[in-house]
Amino acid sequence: MAIAISLRDIVKVYPNGVVANKKVNLDIEEKTIHAIVGENGAGKSTLMKIIFGVEMPQEGEIYVKGKKVTFKTPMEAIKSGIGMVHQHLMLAEDLTVVENLTLGIEPRKFKIFLDKKEMNNLAKKYIEKYKIEVPLEKKIKELPIGLKQRVEILKALLRNADILILDEPTAVLTPQETEVLFKSLKELKEQGKTIIFISHKLKEVKEIADKVTIMRDGKVIATDDASNLSEHDIARLMVGREVSFERIEESRHIGNVALKVENLSYFNREKIQVLKNINFEVREGEIVGIAGVEGNGQTELVEILTGLREASSGAVYVLGQNIVNKSVREIREMGVSHIPEDRMKNGVADKAKVKENLISDRYYKNNFSKMGILNYEYIDGASNELVKRFNILAPSIEAPVNALSGGNIQKVVVARELSSNPKVIIASQPVRGIDVGSEELVHNFIKDARDSGCAVLLVSADLDEILKLSTRILVIYNGEIVKSFDKVEGLTGVDLGPYMLGLKRGE
Amino acid sequence: MNPLLKSIFSTSFLFSVLRVATPIIFPALGVAISSLSGSTNIALEGIMLVSAFTGVIVSAFTQNLWLSLIAGISAGVLIALILGYFSLKLKADIILAAIALNLFASGITVFLLYIFAHDKGVSSSLKSLVFPTIKLGLLSKIPILGGILDNQNILVYIAFLSVIIYYVIVFHTPLGLKIRAVGLNPDAASSVGINVVRIKLYALILSGVFGALGGLYLSMGYVSWFGRDMTAGRGFIAIAASSIGGNMPLGTFLGSLLFGIVYALANFLAPINIPSEIIQVIPYIVTVLVLTIYSARSVKEKEVGEE
Amino acid sequence: KKTATTETQKKVKVTLYINGTLGDKSFFDSANRGLEMAIKDLGVDGKVIEGGYDPAKWQPDLEQLAQGDSDIIIIGTWQMVDAVTAVAPKHPEKKFIIFDTSVDYTKGNLGNVYSILYKQNEASFLVGALAAMITTSNMPLANKDKVIGFLGGMDIPVINDFKVGYIQGAHYIDPEVKVLVSYAGSFNDPAKGKELVLAQYDQGADISFNVAGETGLGLIDAAKEKNKYAIGVDSDQYIMLKDKDPEAASHIVTSMMKNVDKSIYRALKLYLEGKLEFGKAEALGLAEDGVGIADNENYQKLVPQEFRDKVNELAQKIIKGEIKVDTAFGS
Amino acid sequence: MEKFILKYFNLIRTIIAILIGFIISVSLIFLVSKDSIAALGYLFLGPFGSISRIGNIVELATPIIFCGIAIAIPFQAQQFNVGAEGTFFISAAFGTAFALIIQGLNLPGFIYILVVLTFAGLMGAFWGFIPGYLKAKYRANMVVLTLMLNYIAYFISIYLINYHFRDKAAGYLTSYRLPETLFLKQFIPNTRIHIGFLIAIASVFIAYYFLYHTTLGYEIRMVGFNFHFAKYSGINVFKVIVLSSLIGGIFAGIGGMAEVMGIHRRFLWQSLPGYGWDGVVVAIIGHNNPILIMFAAFFLAYLRIGGQVLNLLSDVPYELISVIEAIIILLITAEAFLENVKYRITVREAEKEAFKNESSS
Ligand SMILES: Nc1ncnc2c1ncn2[C@@H]1O[C@H](COP(=O)(O)OP(=O)(O)OP(=O)(O)O)[C@@H](O)[C@H]1O
Ligand SMILES: Nc1ncnc2c1ncn2[C@@H]1O[C@H](COP(=O)(O)OP(=O)(O)OP(=O)(O)O)[C@@H](O)[C@H]1O
Ligand SMILES: [Mg+2]
Ligand SMILES: [Mg+2]
């Protein structure tokens, strides 16, 4: 079978001295879906950026359809039929969908003017051809994440890509959206496209990929037909040890109510009701999972519970105290900790030192500082201890966080949030975009917290995660709790699906 | 009616509003276009100064308006290019680079003025030209409007035109789309193969052109000579005007007009004997108020904590 | 530098230190002219240095110069008083001439400092009177409103000394004349100056007097644009402009002259003749020709004989002390 | 060797940049000057020519240091507050006014000085508070706000001095002379280096300690690094943004009054002196780090004094000096200048490392 892309001895060193790829060799066959998996920081994205001309390798050769190429800019990669959907979406939020789609290849009137009608037609043409629906006139920022992703893919196709790179496209997608995505991907393969697909979700890899390449520490460990590899094999190869996918054991003793939400409602600034009187409680020693398709009010719920947003009506009690319109700090002081869904936006200051990120919620407390003066001796001690306990892979506590890879950044967040001996933990997408190895670690930390008597509210779009950790599960749909499962043992996604999609609702 | 009030409600007042606003409209458009592309250009002061100077010198020695126009614009663009080269290619802090260029412009113009005109203050010893004023003929009979527009310098008209050109460039040309995209999300732009640095450079060049026109108006229309530091802070006022207008064509235009009005008002009020400082401070206080109110409005729409 | 000194030994070395920059179209330029005249006619060896506008630099600079090889150091404006008061006593062998202000001779041993003051209020009185006569006259560009203008650079005593004289002169002719006073707040914003004066003309003024350095040039531009009259300042601005922009120049009825150049030339001349009295201040007014009004072809052409006679008559009255002109100083 | 280059790369780059700047200046001087060699001497060695000239460097650096710190603190919170210019000015004006008002009390020198400086600091705090508050509350653009406030400060100050505290004896716009007791001692003979300089140096270390060793400093830096993160962590962003501007203002305020009490002994500025902009320059060159800012300030002062000597003793025109200064500033801040060289070395080093432990492992 013909080779679409082949890489020979690719070496990439970043200006900061990180060697992200170490003599990588890789062949991608035409008209296949080729998955690439690997731990955080293994060098997957870097490799893709090299293929797409974003980064230039120091050494090695790239062949596209047999002929040698050296891309200095994405433009050149695009010209030779490569398209890429980046790990972090690359859309101008304030421009319309059609503007984003046609950016750089705009049809023109009299050479110099935009031809808006043609822009629409062009987009429509491709929408029909690939059956990927998107609202052309809307601004990107008005779209749910799943649609944004579709725009990204369409963007690549619009540039006649026949080799399509997707870097963790499903990390931000709901099972339903993932389904849709996979349908289009298979469709595309039928139409003769070659697809490179990066994911940390091994189940998906098994489901969609024809071939799988496993990377570790900047090198390719193995490449094989997906059919020859079980999830466990892949996990083992990635991490270099066994990883379990079993559900964690049930929590032993469940205590009194720690978090109580009463008739909570919220209207956003467009006066749309995003939360419709929500009622639930979380007890000490239990993990309550909130399952739901993203964009059904989870984000707002979490932000209200942690004081980043004001409820329109209703009450929230932490250990019996109402927290409505208390400040973030006051709420944290009551023992609430928060693992945010977007770690880069909220979880860390990426240019700040690791230790500075580890103390952001306690720097003012005793020992960390006295009378407004920071006590670095103590801070360094505490930070080093956290780095050890949560085995964060970092050059040192003095290193800026952005020198860490995705998974380790998340560990920094988790370490801070779980080490403030919280009573209530609000964890939203705690393992998004991190590899199975780190994922397992984080899950164990959460479990330990639970066993030490914390009440945990777990918000996730990843059903496996919900099913793996939760003591009880609530399903949220369109701002309402439509169903609660008090026994999780034996449940599967199939049981939750209909509720998440609003097809069924509980008593 | 008291002559002061009379004069304020006269067409001659509105006439002077336009004249005063023009050297702000141009640089304001310059600031706006570069802001859209994501770079804060506070070098308009220097750009205007250099163009104003070049225009006068070239016109004095060639007695040709076209040449001076071209020379003036090229000079302004040159400064913009230097700014671009240092901030974009050499990654110098753009604010600092601009401060340096303003300093440079103020020094080099006076230095050369001395070489050409043997005077360190004004070029009044040179026979430099001015751009023609537009006679509306019959149209000048139109009540009020006629009075406001007749006999305005051609560059005043070009200022209006520039607002429209700005609108067309930004919203109806591929370049404009790219400029906006680059300003909103450079990574997104480069991911579809757009050369971000080049687009930002184009935006700076455009702001150089606008700034240059402002400078030329100052020395070859507004008055008929070049004077040391004659921009007198208009390049900075322009930043205010464009940010009041959110870098949008109409907004920026109205922002500049606001200054035109307040300045003209200050000029008309000058003769009544309240301390001159009090009168001269009005425009700046108004800006702070307008800016605050403007931002306050847009904050309401923002969620708490949103930027 | 031995050679340098030996060859120039006989020549008197004069340094003019400007606490600003040349090109102010006002007394700095005028002082420079005075020095150049002296270099030409009196054969002194002169040099001009621009100190710039940062007050922190002036005293060190003056100290530097005092340590240098010049025999006479000329500085101007009140802002240099503190500096020269501090430096001069340390260098008794050097001579200092300070113009447009005076040092306080009670403060320390300033026997080597000679101060020149100008009675700008006297000449301003004359142009004020002239303006008042013109605004009600039937001269072509005059209107019947009794309104005249004054454009000041900044609202400060030196400038207001002109203003006080100007207004007093105008009211001496006709108490009903209204004087529109505008300050530009800057000495180098001609555009602003132009706007301010255009506004004055719009409010009925038909003649205006600029005392604003470079900013004042805006006034002349305005006069040209609105076809009204202008009065120049410091030096004869008609002569200055008549080649470059004859049309603008033709609107300048006269200029109120502050003869810094002549006064400096005079001082140096006296010095060479050994007649200059250091350790005291001189106030030069109409009598001493320290100030005056420009009598040039345009003045002759535009201004009717009887007005000019009136002006001369008033000048005599002032010189004789029959008219006492107010001043803005110490007020 | 290469390790060494990497370690000191920024320093080396800056030095090279300065050298290039000098070379350009030199060629400029050769173009315009009849006695270029001497001129060069004046420009580069002149500042060290005599104790009084070295004094001039320090004298000039003093206000620049104050303003540099005043700019750096809000900059650390990502608040582009360029208001030091106006704050410096208005604090000096009101400080002078205040000093003259309470002159009657005949406070003992030390107390008097302390009271007046404190007042100036408070005035600065107030003038810094205004943009901080408007920014934090209404999210008005900081750059424009402070640009405008500079003009406002200027006119208010001129009005205050001109109409209420002008020395009637003086022909110019200037305040009455401050009472002797208020003079900051000039403690090095033949120079005007005054106590204010010591205060400036103290401020450098205070500001440094404040930014890197206090909780508020930490909050300021975190807000600067990532505003959302700060909010999420429970830091009161509103407070931080207001305080960063306010505290910056204190330094500018004290700096302004110290300049009056140490050098001029009266308020005599008729236009904004520009120390605030110098402050922006040194703050950016010094990466908002007070210690580096201090060095940057000395360097800038050295350049200026060089220009001043050049102006006094040579035939090089005054304006050329600002041209030279501009060129040198431009080059110093060219971050990416020589970047590729650094990259090449990094790569070589890193590859060595990487594939060394390849073979070992
Ligand atoms: N722009 C950059 N500058 C410096 N180092 C970088 C940069 N981008 C990535 N790195 C480093 O290079 C290594 C590989 O990064 P890369 O993003 O390729 O990993 P990845 O396999 O995509 O990880 P993840 O699964 O978390 O996305 C990591 O150590 C990362 O810290
Ligand atoms: N809710 C808020 N409260 C206080 N300050 C805020 C808030 N939101 C944003 N800011 C501050 O404003 C900065 C950016 O806000 P904005 O979008 O207004 O940019 P900006 O006005 O250009 O900022 P600057 O004027 O400093 O350049 C953020 O870094 C933050 O410090
Ligand atoms: Mg990646
Ligand atoms: Mg009249």
Side-chain angles (χ1 to χ4, degrees), chain C residues 1 4 15 17-23 47-65 67-70 76-83 86 90 100-102 104 107 117-118 120 153-161 183 185-188 327-331, chain D residues 35 38 42 46 49-50 52-53 55-57 59-60 62-63 151 154-155 158-159 161-163 166-174 177 190-192 259-260 262-275 278 301 304-305 307-315 317-319 321-322:
Chain C
K1 285 292 195 137
T15 304
Y17 180 78
I18 305 276
N19 59 319
T21 54
L22 289 174
K47 171 177 186 202
V48 60
I49 291 169
E50 297 165 280
Y53 292 95
D54 174 4
K57 287 167 57 184
W58 298 335
Q59 186 172 327
D61 282 1
L62 193 59
E63 182 63 49
Q64 282 292 331
L65 294 173
Q67 287 165 14
D69 60 359
S70 35
T77 79
W78 181 88
Q79 291 161 295
M80 292 303 290
V81 168
D82 284 354
K90 287 194 261 166
D100 202 26
T101 185
S102 168
D104 178 347
K107 284 225 190 84
L117 293 158
Y118 305 92
Q120 50 261 343
M154 274 185 161
D155 188 350
I156 56 176
V158 259
I159 299 303
N160 289 334
D161 202 38
Y183 295 100
S186 141
F187 287 94
N188 55 7
T327 164
F329 292 113
S331 59
Chain D
D35 188 356
Y42 298 139
S50 71
S52 69
R53 294 236 186 98
N56 295 155
I57 299 180
E59 294 153 19
L60 178 55
T62 305
Y151 290 107
Y154 168 75
F155 286 113
I158 295 295
Y159 170 78
I161 298 301
N162 197 6
Y163 283 81
R166 194 181 71 217
D167 185 341
K168 300 290 185 297
Y172 268 71
L173 193 175
T174 178
R177 204 173 168 79
N190 301 326
T191 73
R192 294 179 303 167
E259 188 69 1
V260 172
I263 299 284
H264 306 301
R265 279 78 200 277
R266 66 198 325 159
F267 185 94
L268 48 48
W269 288 294
Q270 310 208 352
S271 56
L272 292 167
Y275 296 127
D278 297 342
R304 291 265 170 82
I305 301 304
Q308 192 180 343
V309 178
L310 186 63
N311 174 48
L312 276 181
L313 303 184
S314 82
D315 56 350
Y318 179 69
E319 289 69 26
I321 290 149
S322 44

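Note on naming: letters A, B, ... go to the chains in the order of the sequence lines (proteins, then strands), and numbering restarts at 1 for each one. Computed over heavy atoms, backbone and side chain alike; hydrogens, waters and symmetry mates excluded.
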Original post:
Checking side chain to side chain contact (heavy atoms under 4.5 Å, CB included) for the pair Gln79(C)/Gln270(D): CA distance, chi angles, key distance, verdict?
Top reply: CA-CA 11 Å; Gln79(C) 291 161 295; Gln270(D) 310 208 352; 3.7 Å; yes

Original post:
Which bit of Tyr53(C) comes within less than 4.5 Å of chain D, counting heavy atoms only: side chain, backbone, both or neither?
Top reply: backbone

**OP:** Could you check if a side-chain atom of Gln308(D) sits within less than 4.5 angstrom of a side-chain atom of Pro60(C), using non-hydrogen atoms only?
**Re:** yes

**OP:** Could you tell me which portion of Tyr159(D) (side chain, backbone, both or neither) has an atom closer than 4.5 angstrom to a non-hydrogen atom of chain C?
**Re:** neither

Original post:
Is chain C contacted by the side chain of Arg192(D), its backbone, both, or neither, given a heavy-atom distance below 4.5 Å?
Top reply: side chain

**OP:** Give, as side chain, backbone, both or neither, the part of Phe155(D) having an atom under 4.5 angstrom from any heavy atom of chain C.
**Re:** neither

**OP:** Could you tell me whether Arg177(D) and Asp82(C) have a side-chain N and a carboxylate O separated by less than 4.0 Å?
**Re:** yes

Original post:
Of all of Asp61(C), Thr101(C), Ile49(C), which one pairs up most often with chain D through heavy atoms under 4.5 Å apart?
Top reply: Asp61(C)

Subject >> Rounded distance [0.5 Å steps], CD in Glu319(D) versus OG1 in Thr21(C) >> reply: 7.0 Å

**OP:** Sort out for me which of Gly185(C), Ser186(C), Pro55(C), Gly68(C) touches chain D most, counting heavy-atom pairs under 4.5 Å.
**Re:** Pro55(C)

Subject >> CD1 on Ile263(D) to NZ on Lys57(C), rounded to 0.5 Å >> reply: 14.0 Å

Original post:
How long is the gap from OG on Ser52(D) to CD on Gln59(C), to the nearest 0.5 Å?
Top reply: 11.0 Å

Subject >> Interchain contact, Thr15(C) with chain D, by part (heavy-atom threshold 4.5 Å) >> reply: neither

Original post:
From Leu173(D) CG over to Trp78(C) CH2, what is the distance, rounded to the nearest 0.5 angstrom?
Top reply: 10.0 Å

Original post:
So what's closer than 4.5 Å to chain C heavy atoms on Arg53(D): side chain, backbone, both or neither?
Top reply: side chain

**OP:** Please flag which part of Asn311(D) lies under 4.5 Å from any non-hydrogen atom of chain C: side chain, backbone, both or neither.
**Re:** both

**OP:** Mark yes or no for whether Asp155(C), through its side chain, and Asn162(D), through its backbone, hold a donor-acceptor pair below 3.5 Å.
**Re:** no

Subject >> Proximity breakdown for Leu65(C) and chain D, heavy-atom pairs closer than 4.5 Å >> reply: side chain

**OP:** Measure Glu50(C) against the heavy atoms of chain D and call it side chain, backbone, both or neither at under 4.5 Å.
**Re:** both

